[in-house]
Amino acid sequence: MSASTLRDRGALNGALIGCGFFARNHLHAWRDIDGANIVALCDADESRLHAAGREFGIERLYTDAATMLREERLDFVDIATTVASHRALVEMAAAAGVATICQKPFARTLDDAYAMVAACDEANVPLMVHENFRWQSAIQAVGAALRAGEIGKPFWGRVSFRSAFDVFSGQPYLAEGERFIVEDLGIHILDIARFLFGDATRVTASTSRVNPTIKGEDVATIMLRHESGVNSIVDCSYATRLPHDLFPQTLIEVDGSAGTLRLMADYQLQIHTTMGTEVRDATPPALSWASAPWEAIQGSVLNIQSHWIECLRSGREPATSGRDNLRTLALVEATYLSAREGRSVECATSSIGRLRDE
Ligand code: NAD
Ligand code: 89V
């Protein structure tokens with residue numbers, strides 16, 4: 001359905017595929033958004049499907065996505081399954097002509113991601129990756145301060161996520177993959193670095209595994225050279241035991257030509273210039289359904305899904321469109337390659353740019 005048609009419509013009807021651990025946040029956020037109704041749910045696992053249907057009062061339930069796409073009249077579909085099913089589901093939604101949101105990681109490989117973007121382009125349907133970390137209120141506040149030139153021209157940055165929070169109890173699959181922290185969490189932190197400093201062209205990375213009970217890497221240190229001239233460090237760890245664990249906070253340091261910015265623990269945003277030092281409180285807004293320690297992420301889910309509805313109505317491309325996310329995925333791939341081969345890797349952003357211009 002075209003944006004001009006959607007602009008004048010009442011509430012947009014959506015369906016959610018995947019009623020697992022994280023989908024509850026999507027469903028709570030959809031309930032808070034005027035102008036969007038989730039009218040149907042799909043999960044291959046009947047017990048999860050029915051539990052979500054009961055909790056959120058949604059009666060049209062499907063165990064098969066193709067059947068749901070055939071039987072429902074949808075303005076959009078929100079895919080909250082794990083990565084293995086993303087390509088098939090996005091291509092199925094595109095073939096049905098339905099605008100699509102897909103959770104991160106968007107795809108297992110860049111080839112899959114290109115194919116998914118191409119499928120939605122060919123079907124002329126909007127595609128957004130649910131890359132929500134940059135939509136956290138504190139991260140948006142950092143972006144706004146940098147764009148307003150509050151510390152002059154940034155030349156160095158650090159985006160850091162260090163914790164020992166047990167993510168495996170809620171998401172057991174994270175302990176089982178050959179890849180862990182860069183693909184699951186680093187992808188958000190790399191996306192924040194792109195959001196703040198622009199696209200990166202060179203990646204130098206090192207990874208390691210500290211926790212012997214998981215398969216993949218749980219520590220990564222990544223150096224990025226950005227087109228803007230900024231050099232940044234993206235570092236993440238799930239093996240860092242701190243007296244006050246900060247999960248899921250991202251700490252940020254930026255040095256600029258006229259001052260410094262620090263997003264410190266507990267969402268305290270410090271701006272220092274020759275005019276003085278100011279500390280602003282960037283604590284996420286309290287949502288009735290939020291649960292500690294996830295508040296910042298839950299707020300970002302509401303923000304990104306609200307952005308999606310605005311984009312559908314205006315015809316604008318979402319900030320984290322499928323096309324945009326190719327560049328974040330390219331950094332994930334470059335990180336693994338750099339770490340494996342012990343060398344710097346140039347990012348193939350020119351070919352991604354060609355796709356953007358086509
Ligand atoms: P999960 O395994 O708990 O839930 C996934 C659900 O999808 C399961 O119930 C499964 O039965 C269903 N499913 C899988 N394939 C299907 C198919 N083809 N048709 C219908 N149902 C299908 O996973 P999760 O922890 O909720 O994670 C889901 C996604 O969300 C992952 O990609 C993960 O990386 C992402 N995630 C994002 C954040 C964030 O902050 N952005 C946080 C946690 C998880
Ligand atoms: O955001 C995520 O993708 C989650 C977590 C924050 C736990 O890493 O998997």
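It should be emphasised that the depicted structure is a prediction, and the values quoted were computed from it without experimental measurement. Read the numbers this way: they start at 1 and go in the same order the structure lists the ligands and their atoms. Both backbone and side-chain heavy atoms feed into the values below; hydrogens, waters and symmetry mates do not. Nothing fancy with the numbering, it's 1 onward along the sequence.
- Atom numbering of ligand 1 starts at 1 in the shown order; those under 4.0 Å from a heavy atom of Pro105 are 32 (O), 34 (O).
- When hydrogens are left out, the protein atom nearest atom 24 (P) of ligand 1 is Tyr173 OH, 3.4 Å; that is the closest non-hydrogen contact.
- Residue contacts with ligand 2: Asp184 is placed with a nitrogen or oxygen under 3.5 Å of a nitrogen or oxygen of the ligand (distance criterion only).
- Contact atoms of ligand 1 toward Ser85: 15 (N), 18 (N) (distance under 4.0 Å to a heavy atom of the residue).
- Contact annotation: for Phe22 versus ligand 2, there are no heavy atoms closer than 4.0 Å.
- Tested against Lys104 for a side chain to side chain donor-acceptor pair (under 3.5 Å), the candidates Thr328, Asp191, Asp184 yield a single pass: Asp184.
- Annotation: atom 1 (O) of ligand 2 to nearest protein heavy atom, His188 NE2, 2.8 Å.
- Of the protein's non-hydrogen atoms, Tyr238 OH, 3.8 Å is the one closest to atom 6 (C) of ligand 2.
- Those atoms of ligand 1 that come under 4.0 Å of a heavy atom in Gln171, given as number and element, are 25 (O), 43 (C), 44 (C).
- Considering backbone and side-chain N/O atoms, Phe133 never comes within less than 3.5 Å of an N/O atom of ligand 1.
- The shortest contact between atom 7 (C) of ligand 2 and any protein heavy atom is with Gln171 OE1, 3.2 Å.
- Of the listed residues (Glu253, Met264, Arg280), just one forms a side chain to side chain contact (heavy atoms under 4.5 Å, CB included) with Gln270, and that residue is Met264.
- Which parts of ligand 1 touch Ile297 is read off a 4.0 Å heavy-atom cut-off, strictly below it: atoms 40 (O).
- Within the set Thr82, Ile17, Val83, Asp45, the minimum heavy-atom distance to atom 19 (N) of ligand 1 is found for Ile17.
- Between Lys153 and Asp255, none of the side-chain N atoms (NZ, or NE/NH1/NH2) sits under 4.0 Å from a carboxylate O, so this pair counts as no salt bridge.
- When heavy-atom distances to ligand 1 are checked against a 4.0 Å cut-off, Ala80 comes that close only through its backbone atoms N, CA, C and O.
- For atom 8 (C) of ligand 1, the nearest protein heavy atom (residue, atom name, distance) is Arg48 NH1, 3.2 Å.
- Among all non-hydrogen protein atoms, the one lying nearest atom 3 (O) of ligand 2 is Lys104 NZ, 2.5 Å.
- The two residues Val117 and Arg323 come nearest to each other via the heavy atoms CG2-N, 3.9 Å.
- Those atoms of ligand 1 with a heavy atom of His188 less than 4.0 angstrom away are 39 (C), 41 (N).
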